[in-house]
Number of protein chains: 2
Amino acid sequence: MLTIGNLARKTGTKVQTIRYYEQIGLMPEPGRTDGGQRRYGNAELDRLAFIRHARQLGFSLEAILELLDLSDHPDRPCHEADTIARRQLKQVEQRLARLEALRTELKRMVHECSGGQTADCRVLEVLRDHSECLTEHDEIGA
Amino acid sequence: MLTIGNLARKTGTKVQTIRYYEQIGLMPEPGRTDGGQRRYGNAELDRLAFIRHARQLGFSLEAILELLDLSDHPDRPCHEADTIARRQLKQVEQRLARLEALRTELKRMVHECSGGQTADCRVLEVLRDHSECLTEHDEIGA
DNA sequence: TTTACACCCTCAAGCAACTAGAGGTTCAAC
DNA sequence: GTTGAACCTCTAGTTGCTTGAGGGTGTAAA
């Protein structure tokens, strides 16, 4: 039986995050000691490891809930999980494309900065006038 | 004189976002009509365009505030703006590296999915066991 | 002039996915 | 029995907005 702190250590999660997952229904309500402290078994350890791993791969908590449901029903067809993974891959590739455009633009800004006064600063100048951009970029909040 | 709606249209911003920027002090309090509606001039248009452009390049609102301060003081040395831009570039490059690792892993997952039942699904299997990953990835919330 | 209607206003709450802190209790070792 | 780390709940904060309720304004046509 694991305390919440040990579970946290084993999965690289923060204690508060585990409690948060419980609160939103992603993790089950575990057993408790007489004093009211949470105690976890191997099933919960596996589930949390799954969740953390999927998070590391960029899946949203909502997508993870779907994946966990699929995982709980081994008789269901596989293509749903595949669809979720493909959707995720597509998102990652879109983000990559946008970030690459941003890198190009930022590199150009930084490269051209002469190190004088802000009056002649390329960084500020580029920000002032979008038309100077060589690449299209419309990324917000990625 | 522009209404908030026209300013929004010209800059590709939502009306509520402009009011939000005003609330947090990123945009100045504009003049008002007798009836209390906001009216904007060219200075505000330029400032908002600057903000939006910097957001598209991934700068945080906090960084943008710094950049705007620098922009308001053309006599100050330029290297501060350069530092902010370099910091941003570094962040973008870190994100790119992690996303590339994720893409590799996701591609592998999707590629190996046989399309049978979830019991044999590679996608779920990989998520269950991190040790199957070929690449290190520790991206969360990027 | 009145009426229509798009646009504007404020305030409050909600979103993702946590994180941090206050103030108090329990567990396990010594 | 006492210490002290680890646990508990609850609330609020983070970033960068978005959504909604409930109402007021501005302008143009009838």
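Each chain gets a letter, A, B and so on, in the order its sequence line appears, and its residues count up from 1.
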*Should the pair B:E22-B:R19 be classified as a salt bridge under the 4.0 Å nitrogen-to-oxygen rule?*
no

_Whole angstroms only, please: what is the CG-C1' distance between B:N6 and C:dA6?_
12 Å

*asked:* Just by distance, no angles: are the side chains of B:Y21 and B:R52 close enough, under 3.5 Å, to form a donor-acceptor pair?
replied: yes

*Taking the side chain of A:V15 as heavy atoms from C-beta outward, which of D:dG16, C:dA17, D:dC7 is closest to it?*
D:dC7

*When we call it a touch if two heavy atoms are under 4.0 Å apart, what does A:I4 touch: a base, just sugar-phosphate, or nothing?*
sugar-phosphate

*Among side-chain atoms of A:R39 and A:T33, is any donor-acceptor pair under 3.5 angstrom?*
no

_Check this one for me: any side-chain N or O of A:T17 less than 4.0 Å away from OP1 or OP2 of C:dC18?_
no

*asked:* Quick one: does any side-chain atom of A:R103 pair with a main-chain N or O of A:K107 as donor and acceptor, under 3.5 Å?
replied: no

_Candidates D:dT19, C:dC18, D:dC17 - which lies nearest the side chain of B:Q16_ = D:dT19

*Would you say a side-chain N or O of B:Y20 is under 4.0 Å from OP1 or OP2 of D:dT15?*
no

*Interatomic distance, A:E62 CD vs C:dA17 C1' [rounded to whole Å]*: 13 Å

*Taking only side-chain nitrogens and oxygens of A:K14, does any of them come within less than 4.0 Å of OP1 or OP2 of C:dA20?*
yes

*Nearest-Å distance for atom pair CG/C1', residues B:L61 and D:dT18*: 14 Å

*Give me the residues of residues 27-47 of chain B where at least one heavy atom lies under 4.0 Å from an atom of DNA chain D, by number, or none.*
B:T33, B:G35, B:Q37

*Got a donor-acceptor contact below 3.5 angstrom from the A:H53 side chain to the B:V126 backbone?*
yes

*Specify the separation, in whole Å, of atom CG of B:L65 and atom P of D:dG16.*
11 Å

*Quick one: B:I24 CD1 to D:dG16 P, roughly how many Å, whole number?*
8 Å

_For C:dC18 and A:Y21 - does any side-chain N or O of the residue sit under 4.0 Å from the phosphate oxygens OP1/OP2?_
yes

_Taking the basic N atoms (NZ, or NE/NH1/NH2) and the acidic carboxylate oxygens, is any pair closer than 4.0 Å for A:R47 and A:E44?_
no

*B:L7 CG to C:dC9 P: how many Å, rounded?*
11 Å

*Considering only side-chain heavy atoms of B:R19, which listed nucleotide, D:dT18, C:dC18, C:dC9, is closest?*
C:dC9

*Are any side-chain N or O atoms of A:T11 and backbone N or O atoms of A:L7, one a donor and one an acceptor, separated by less than 3.5 Å?*
yes

*Rounded to whole angstroms, how far apart are CG on B:L48 and C1' on D:dC17?*
14 Å

_I need the CE-P distance between B:M1 and D:dT25, as an integer number of Å._
21 Å

